[in-house]
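These notes concern the structure reproduced below.
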Protein chains: 2
Amino acid sequence: MTPNRKKPNINTTPVELMPDFQFAISVDCVIFGYEENTLKVLLIKSDLPAFANKWSLLGDLLHPDEDLDAASYRVLRDRTGLDNVFLEQVHTFGQVNRHPAGRVVTTAYYSLVNIRHHQLSQLDNELHWHPVNDIHEMAFDHKKILDTCLKHLQKKVQEEPVIFNLLEQKFSLRDLQNLYEAILDVKLDRRNFRKKLFTTDLLTDIHEMEQDVPHRPGKLYTFNHARYAKMKKKTFVGIDF
Amino acid sequence: MTPNRKKPNINTTPVELMPDFQFAISVDCVIFGYEENTLKVLLIKSDLPAFANKWSLLGDLLHPDEDLDAASYRVLRDRTGLDNVFLEQVHTFGQVNRHPAGRVVTTAYYSLVNIRHHQLSQLDNELHWHPVNDIHEMAFDHKKILDTCLKHLQKKVQEEPVIFNLLEQKFSLRDLQNLYEAILDVKLDRRNFRKKLFTTDLLTDIHEMEQDVPHRPGKLYTFNHARYAKMKKKTFVGIDF
DNA sequence: GCAAAAGTGTTCACATTACACCCATGG
DNA sequence: CCATGGGTGTAATGTGAACACTTTTGC
């Protein structure tokens, strides 16, 4: 293979070399939620003939005058009515034949939402929350996208306290531990978990207790955003297991 | 904001809704090399009028029948003559006005190569290896892309032994430590560094010594690919500092 | 009073850090 | 013989993992 500086280069060639082929760019959102001690993902039934009855992620084509990140926020907002939620880009999937409608390169994002905060579930029969562990087959390459985003989430929750986006504002330590266990698919020691979480100093004891539980009620906490913002400036905050 | 399931959705709408607007997709490669105790990156002078005399990454438009990953391998191969090198996708940049030629969404990859293994430097005046720390301004949004890839590399070298891609096949522990220090921008204790590297069991003592050094010569090692492959199957291999 | 989960400390093994002296080579 | 970096070990500290009993509530 002979190197050759005359090879085409998007960064050094003039405008007229823009392609004559029709590419499409889309975003797909892996929207995670947490309910009944189970990590779930919001899916829609595909009505493309090639994928009849398969579930797919929520996505849409990028608009001509829209930033890529903005497109993913738009999809999320249009589908869940939620705004100001955690959303992060993960990976771009560009296999030639991944979409039957033509050449569509898609950028995958994942989002962490509180299931109770969106009003959608009853309004839309085509949208469903699926337990992540029950999903084995999906339309397009969406299973691969989901797996990639889940792995990313597992890494992320051990590096930064993004996990609180999935919980109610007030939560018990048991809630929090269950959620870590659901995401990481591990069992954690209760005493060590509590110790570790308290040493991060990210929980505020609001001096309230669980209500209507058939056992000794636990204390409720909130996530201390302000303290986290302060800590983040100085150094990174890891929550490793 | 009212949720609405009739919003356009690339995964559920028929073929005829493909866009009528001309998007372009490109890949940009951040090619890292290591030379003279310095982490470097391979850049080319942009000849777009908007970016006269600014340096840019190596990139090209995605071809219609080409996977996204394949495009980045092609760019790398065409530019350096190198094949079978480490290359990984990092992030996709899709700001509306990031490219003056039109709407170009670009996916950034980074690559780790051995500078001495490519024959290019003398052949092509427009390509240069730049010390990463000396780069303050670049064409397009390439400084941001470079920064993103550098951060990714810093994380990656502490999680997996990819760093050996930057070194000669035979190297001294000092070489290896210098490289970690250059990438992470830290100073490491020599004794602790050696201990840690030996406990990973990834170095093979080839019973050779440095030549022509003006001090006591150090032992040379190679990276034990076979052992790493075996370890990787069982568990992840971290090299944290 | 029984079931179910909350709350709480200590010990041990291991990993990380800090730190100083002699050795081999080239000039 | 001098300058330069190679090579080596130990003690202190911090971190992660394992582990059991008492308390509070609803029923």
Side-chain angles (χ1 to χ4, degrees), chain A residues 36-37 154-155 157-159 161 167-168 170-182 184-222 231 234-241, chain B residues 36-38 157-159 161 167-168 170-182 184 186-222 231 234-241:
Chain A
E36 296 161 348
N37 280 350
Q154 289 173 334
K155 227 173 138 181
V157 295
Q158 301 191 61
E159 292 171 350
L167 290 172
E168 301 291 325
K170 303 172 181 183
F171 51 86
S172 67
L173 272 172
R174 167 66 50 178
D175 293 333
L176 186 57
Q177 182 177 341
N178 283 343
L179 178 50
Y180 270 110
E181 290 180 342
L184 298 174
D185 195 26
V186 292
K187 280 287 162 208
L188 300 172
D189 179 90
R190 209 168 83 253
R191 278 174 289 190
N192 293 337
F193 179 81
R194 299 167 85 87
K195 236 182 302 171
K196 168 158 257 169
L197 264 291
F198 286 132
T199 60
T200 65
D201 226 23
L202 290 174
L203 300 182
T204 304
D205 182 348
I206 56 172
H207 304 291
E208 293 182 40
M209 307 294 273
E210 289 177 297
Q211 302 290 330
D212 302 314
V213 289
H215 56 76
R216 174 173 174 180
K219 286 187 173 185
L220 296 179
Y221 298 88
T222 59
M231 292 168 75
K234 295 182 198 154
T235 174
F236 282 114
V237 183
I239 302 172
D240 257 295
F241 296 109
Chain B
E36 296 160 349
N37 280 350
T38 309
V157 296
Q158 300 191 61
E159 293 170 351
L167 289 172
E168 302 291 324
K170 303 173 183 181
F171 52 86
S172 67
L173 274 172
R174 167 69 49 179
D175 293 333
L176 186 56
Q177 183 176 342
N178 284 342
L179 180 48
Y180 270 109
E181 292 179 341
L184 298 175
V186 293
K187 280 287 162 205
L188 301 172
D189 180 90
R190 208 168 83 252
R191 278 173 291 190
N192 294 336
F193 179 82
R194 301 166 85 87
K195 237 183 301 173
K196 167 159 257 170
L197 264 290
F198 286 133
T199 60
T200 65
D201 226 23
L202 289 173
L203 301 182
T204 304
D205 181 349
I206 56 172
H207 304 290
E208 292 182 41
M209 308 294 271
E210 291 178 296
Q211 302 289 330
D212 302 314
V213 287
H215 55 76
R216 175 172 172 180
K219 284 187 176 188
L220 296 179
Y221 299 87
T222 60
M231 292 168 75
K234 294 180 200 157
T235 176
F236 282 115
V237 184
I239 302 172
D240 257 294
F241 296 108

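For clarity, every value in this text was computed on a predicted model and none was experimentally measured. A, B, ... follow the sequence lines: proteins, then strands. Residue 1 opens every chain.
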Of D/dT23, D/dT25, D/dG7, the nucleotide closest to the side chain of A/His215 is D/dT25
Picking from D/dT8, C/dT17, C/dG7, the nucleotide nearest the side-chain atoms of A/Lys219 would be C/dG7
Rounded off to whole Å, could you give me the [atom1]-to-[atom2] distance for the [X] and [N] pair?
| X | N | atom1 | atom2 | answer |
| --- | --- | --- | --- | --- |
| B/Lys187 | C/dT17 | NZ | P | 16 Å |
| A/Leu197 | D/dG16 | CG | P | 13 Å |
| B/Phe193 | C/dA15 | CZ | P | 18 Å |
| B/Lys196 | C/dA15 | NZ | P | 10 Å |
| A/Asp189 | C/dT8 | CG | P | 14 Å |
| B/Leu176 | D/dG7 | CG | C1' | 16 Å |
| A/Asp205 | C/dA6 | CG | P | 15 Å |
| B/Glu210 | C/dG26 | CD | P | 12 Å |

Judged by nearest nucleotide, the residue sitting upstream toward the 5' end of DNA chain D, B/Leu173 or A/Asn192, is B/Leu173
Got [X] and [Y] here, is their nearest side-chain heavy-atom distance under 4.5 Å?
| X | Y | value |
| --- | --- | --- |
| B/Leu202 | B/Met231 | yes |
| B/Glu208 | B/Lys219 | no |
| A/Leu176 | A/Tyr221 | no |

Look at the side chain of [X] and the base of [N], then say whether one donor and one acceptor between them are separated by less than 3.5 Å.
| X | N | answer |
| --- | --- | --- |
| B/Lys195 | D/dT10 | yes |
| A/Arg216 | D/dT23 | yes |
| A/Arg174 | C/dA4 | no |
| A/Arg190 | C/dG7 | yes |

Requested in this report: Mind checking A/Asp212 for me? I need base, sugar-phosphate or nothing, with any heavy atom below 4.0 Å counting as a touch.
Outcome: nothing
Contacts of B/Arg191 and A/Met209 projected onto DNA chain C by closest heavy atom; the upstream (5') one is A/Met209
To the nearest 0.5 Å, atom OG1 of A/Thr222 lies from atom CG of A/Leu167 at 11.5 Å
In this structure, CG of A/Asp189 is separated from NZ of A/Lys187 (nearest 0.5 Å) by 12.0 Å
